[in-house]
Amino acid sequence: MDVVFMAHPAQDDAAFLPDVAVHDVTVKYYGKASHAAAYPWEGINALDAAILAYNNISVLRQQMKPSWRVHGVIKHGGVKPNIIPSYSELEFYLRAPSRKDLAELQEKASACFHAAATSTGCKVELCSLTHDYYNVLPNKTLAKAYTENGKQLGMQFTSNEQVLNAVRFNRFWECYF
């Protein structure tokens, strides 16, 4: 493939936007339901695994590179308070500036998810609903042509220097979203 032209909605027009690599992962924990008051020792709490996984990722942030991002939610955590949950589900997005960094981040996140399963006795399943998005390398010639043609149509562009400064100071996400 010679060129990819992408448009992304944002509050400003920019011919150059650093594009990061993205991986989505759904984490499913399987435990064993039990009555929480009568026989809690017979249960294996899948919600505990989900909470530990979420906290493990939060603790991982201290060792993450400044350009890495991890966003997650607990999608399913149980049915009733008096039933130890036998199933829980989380969804995370992992983002990094390159495929190499993304692979390293995926490995660290996977360790967090598996550690939660090990400590609670749950089984864990990791799956991706979509393919990974790899970082896009900018093409200066195409960006220049886009800017020149856009200006002829009345578009006003954020300067590449403003974009690069936002990235340097780790404020890219604040500036554009």
Report task. Report whether L52 and V124 are members of the same hydrophobic cluster (ILVMFWY, side-chain heavy atoms less than 4.5 Å apart, transitive linking). Result -> no
Query - Spacing of K80 atom NZ and H35 atom NE2 [to the nearest 0.5 Å] - result: 11.5 Å
**Report entry** CA sep, side-chain torsions, deciding dist, call: K32, I84, side chain to side chain contact (heavy atoms under 4.5 Å, CB included)
**Finding:** CA-CA 7 Å; K32 180 182 174 192; I84 291 178; over 6 Å; no
Requested in this report: Could you tell me which non-hydrogen atom of T120 sits nearest to which non-hydrogen atom of I44, and how far apart they are?
Outcome: O-CG2, 3.4 Å
Report summary line: d(L105 CG, K100 NZ) to nearest 0.5 Å is 14.0 Å
Query - Hydrophobic cluster identity match, I51 and Y30, side-chain contacts under 4.5 Å - result: no
Query raised in the report: How about F113 and F92: are their ring centroids closer than 6.0 Å?
Result: yes
**Report entry** Side chain to side chain, V73 and L90, heavy atoms closer than 4.5 Å
**Finding:** no
Query raised in the report: With distance as the sole test, does R69 use its side chain to make a donor-acceptor pair with the main-chain N or O of P66 at under 3.5 Å?
Result: yes
Query raised in the report: For S86 and A33, which heavy atoms make the closest approach, and how far apart are they?
Result: CB-N, 3.4 Å
Report summary line: The complete set of salt bridge (Lys or Arg N to Asp or Glu O under 4.0 Å) pairs with one or both residues in residues 33-58, sequence neighbours excluded, reads none
Report task. Go through the steps for T26 and S128 under the test side chain to side chain contact (heavy atoms under 4.5 Å, CB included), then give the verdict. Result -> CA-CA 6 Å; T26 298; S128 291; over 6 Å; no
Requested in this report: For the pair W68 and D101, evaluate side chain to side chain contact (heavy atoms under 4.5 Å, CB included) and give the outcome as yes or no after the intermediate values.
Outcome: CA-CA 8 Å; W68 292 1; D101 275 354; 3.4 Å; yes
Requested in this report: Check P81 against A36 and note the closest heavy-atom contact, atom names and distance.
Outcome: O-CB, 4.0 Å
Query - E107 CD: over 12 foreign heavy atoms closer than 6.0 Å - result: no
Query raised in the report: Hey, what do you get for NZ (K65) to NZ (K108), rounding to the nearest 0.5 Å?
Result: 9.0 Å
**Report entry** CA sep, side-chain torsions, deciding dist, call: H71, R95, side chain to side chain contact (heavy atoms under 4.5 Å, CB included)
**Finding:** CA-CA 9 Å; H71 325 285; R95 301 174 191 253; 3.1 Å; yes
Query - A49 to C122 - nearest heavy-atom pair and separation - result: CB-SG, 4.0 Å
Query raised in the report: Under 4.5 Å between side-chain heavy atoms, hopping through other hydrophobics if needed: is there a path connecting V22 to V25?
Result: no
Report task. Keeping the roles fixed (side chain from T118, backbone from H114), state whether a donor-acceptor pair exists under 3.5 Å. Result -> yes
Query raised in the report: Going hydrophobic residue to hydrophobic residue with side-chain gaps under 4.5 angstrom, can you get from V20 over to I57?
Result: no
**Report entry** Steps toward ring pair (Phe, Tyr, Trp, His ring centres under 6.0 Å) verdict (H76, Y87)
**Finding:** CA-CA 8 Å; H76 190 281; Y87 176 77; 5.3 Å; yes
Query raised in the report: Do L60 and V70 come close enough that some side-chain heavy atom pair is under 4.5 Å?
Result: no
Query raised in the report: Is the shortest heavy-atom distance from the side chain of E89 to the side chain of V27 under 4.5 Å?
Result: no
Query raised in the report: Can you name the closest pair of heavy atoms from Y29 and A116 and give their distance?
Result: OH-CB, 3.6 Å
Report summary line: Here the pair of heavy atoms bringing C127 nearest to K28 is SG-CE, 4.3 Å
